[in-house]
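To find a chain, count down the sequence lines: A is the first, B the second, and so on, and within it residues start at 1. Values below: all heavy atoms of this structure, side chains included; hydrogens, waters and symmetry mates excluded.
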Amino acid sequence: MTEQVAEPTSTGRRSWRGLRSRLRIPARLRRRREAAAVPGVPPVHPADRFRFADLLGEATADIGSRPGRLVTTIVGTVLGIAALIATIGFAQTAAGQIARQFDRTAATQLVVTPTTADTRGGATVAAAALPWDAVPRLERLAGVESAALLAEVPLPEAVIAAVPVNDPSQPPTAPPPVYAASAELLDTVGGRLATGRFLDAGHDTRADRVVVLGSRAADRLGVHRVDTQPSIFIDGIAYAVLGIVESTDVRAELLNAVLLPTGTARADFGLRAPGDAQARIAIGAGPQLRTQAALALAPDEPDSLEVNAPDGRSELGQDVQADVNGVFVILSVIVLLAGGVGITNVTMLSVMERVGEIGLRRAIGATRRQIAGQFVAESVVIGLLGGLIGATLGVFAVIGISLVRDWTPVIDPWIAVGGALLGAVLGLVAGGLPARRAAAIEPVDALRGGT
Amino acid sequence: MTAPATAPIPIATPGTTPAIELRDVTRSFPGPPEVQALKGVSVTVADGEYVSIIGPSGSGKSTMLNILGLLDRPTVGEYRLNGVLTSALEEDERAAVRARQLGFVFQAFHLMSRRSVLENVLLPMLYNGTPRAERESRAREALHRVGLDHRIGFLPGTLSGGERQRVAVARAVASRPRVLLADEPTGNLDQTTSAEIMALFEELHADGLTLVVITHDGAVARRASRRIRLADGRVSEAG
């Protein structure tokens, strides 16, 4: 008796060789392809081979048949992905809120100051001077909502007190700083008055001897109400207190200060030039105003002025968003890993339970790769399902809580899509070990179990 | 008729290529203690023959079926299936041969409990390259042949033991194997149902299918055209 060595049909062999030489298929893949031509077994038409669609069909056929098991398998992924999406969503939403708060203040403030230069004696002096009409010049620029002048009046030796008595027994204390301010300052810095009124243009023009106190300066001077028309004394000269500033959005140092009209500071203390010009601008106008403001205030020498204007969005807000994202993502990844371990455990249990089925499939012709592929595909489908449910829950959690807290929900749509895909990747990784275990099962051993 | 343990058993239809040819097959399981489940067995089964392998528990019947079904490999010796030396086949090639040339019927049925009768019968055709367009018609034809047309949408759990085994037979023959291997096919069935299954096997044999039935039941074994008796891993009697 001669050994029967089956050869594939000569036509098929020739065309296959031709194709191989044309495509230069790698040797490993070639061997796998040629395995389809088994001695003694007629070759199978490629269309009738076990394909990816068959794998997917087998992987999904039984997934819903045990709802309890499916829930147990999927719950870890659902929670992990939901937590991931929700935390990223909350981080983005919270960062959006935080950024919005910063943007409302930091991103809407522009400050113009003269550049400085060092003198031979080592002192630092202003290299240029802001014009006294800086306010109307700035307010003509698009994007400037309000502008004001501010200058510190250097009075290091001055005695500032609420009563005209010089008590030598009192310990010496530093006087509160004195600033010259234009009438628009309160609006520009987002200030709120505790009592009284702020300076106006008339005080400036007339150089009236009036002041407005910051809340802490008022405490130091013992002035708490203005309806009694109190005055303070600067080097013995009386200034009527018009009001007390309770708070400001920016330049909190003004709360420690005594604010004079600029006209008064020029008349009484010889103030020569404004120290800086402060402007409240529209969000996003910073980059454009950075150049325009310098040109508006010093058209002949714009470089002599330094303009401090925010970028489109406050950098601080973006930093906060990045920090918050980082922390939340780490927490979510930990939750997700727990979900992955859950899938691995339940899939491993499933492999052990389905030993008989694995044996049957192997007996009727499934290869180890097909068995492994089926378990990986099942795991991927379960992971994808968990990812989809988790991503949906996460998005709804962000929207729901944002609605309750009156926030604007912010979530990148790609995060939700990525969350679902991450579930599939998690399934792929988590299914690897059980699939290897399933593929390694010998059919003889497996058939001893039930199906 | 008694044959020496190492001598090939005469084939029933001389002149054709044997479907199964075992030559001096030994299967050892490493110990300790090492167990020799088959000891120099030589058996030939002709194409289209109906053979039963009978023997007491521990005689090596299941080991022999596992080797015949390419689920296990001989430690020593040669096994040719339809003339092809199976020891030369790679793992994937053995799977392909199982898929396209062999059918299995097990004592425990091994039906997938969450798949319908039709889906169970379709399962082997997923792996053996049966043309897609023909799969369902072949499955229905096989179920018709075993008398289960009316049960195609049922789950195996709702069927009687005899019906389940008939589903298993339909599954084994739907993909048109050249050899059907049955391991204690009536082991879980009552006498009446066993007789039905054996009648079914006789019909398949009459159609030209090669059948190897492993059993410890003398009545079942006698239905075959030839019996091979195994004892302590050796062929003790053939006829």
Side-chain angles (χ1 to χ4, degrees), chain A residues 1-6 31-51 53-55 57-58 61-66 69 353-371 374 439 442-451, chain B residues 17-18 21 44 62-63 65-67 69-72 80-86 88-104 106-115 119-120 123-135 156 171-172 175 177-178 181 183:
Chain A
M1 190 184 310
T2 56
E3 183 177 339
Q4 196 180 65
V5 179
R31 278 199 298 277
R32 190 177 297 174
R33 289 285 185 190
E34 283 171 351
V38 181
V41 178
V44 171
H45 190 278
D48 300 320
R49 285 188 189 143
F50 188 83
R51 292 188 301 192
D54 297 318
L55 180 71
E58 287 302 294
D62 296 329
I63 277 181
S65 63
R66 294 179 68 182
R69 169 58 59 84
E353 282 181 350
R354 291 163 63 187
V355 161
E357 177 195 327
I358 294 165
L360 171 73
R361 286 180 187 272
R362 295 274 285 126
I364 62 178
T367 62
R368 289 189 194 279
R369 269 198 309 280
Q370 286 164 344
I371 296 292
Q374 183 184 334
E442 289 297 334
V444 173
D445 302 329
L447 285 168
R448 294 196 188 106
T451 307
Chain B
T17 304
E21 191 179 10
T44 303
S62 293
T63 304
L65 183 100
N66 291 337
I67 288 173
L70 298 183
L71 301 173
D72 197 5
R80 288 170 195 270
L81 179 67
N82 295 313
V84 175
L85 186 63
T86 59
L89 299 177
E90 305 251 337
E91 188 64 36
D92 283 0
E93 291 173 329
R94 291 165 68 85
V97 172
R98 283 199 299 271
R100 295 177 222 166
Q101 295 204 338
L102 297 175
F104 291 91
F106 303 100
Q107 178 180 1
F109 318 133
H110 284 300
L111 298 176
M112 292 180 64
S113 58
R114 292 184 197 88
R115 304 282 178 97
E119 287 167 338
N120 268 285
L123 194 63
M125 290 186 270
L126 194 65
Y127 299 109
N128 73 359
T130 303
R132 284 170 197 279
E134 293 178 23
R135 289 178 188 174
R171 181 181 63 192
S175 52
R178 293 183 66 175
L181 302 170
D183 185 7

Residue B:Glu90 versus chain A: region with a heavy atom under 4.5 Å: neither
Which heavy-atom pair separates B:Ala99 from A:Gly365 by the least distance, and what is that distance? CB-CA, 3.6 Å
Any idea which heavy atoms bring A:Val444 and B:Leu71 closest together, and the distance? CG2-O, 3.1 Å
Greatest number of non-hydrogen atom pairs under 4.5 angstrom with chain B, of A:Gly57, A:Gly359, A:Ala363, falls to A:Ala363
pair B:Arg171-A:Leu360: side-chain heavy atoms closer than 4.5 Å: yes
Rounded at 0.5 Å granularity, tell me how far CZ in A:Arg362 sits from CZ in B:Arg94. 9.5 Å
Distance from B:Asn66 atom CG to A:Glu442 atom CD, nearest 0.5 Å? 10.5 Å
Sorted by chain and residue number, the side-chain hydrogen bond (donor to acceptor under 3.5 Å, both in side chains) partners of A:Arg361 (sequence neighbours excluded) come out as A:Glu58, A:Glu357, A:Gln374, B:Tyr127
Considering all heavy atoms, the nearest A:Thr367-B:Ala95 contact: CG2-CB, 3.9 Å
State the CZ-CG distance between B:Arg132 and A:Asp54, to the nearest 0.5 angstrom. 4.0 Å
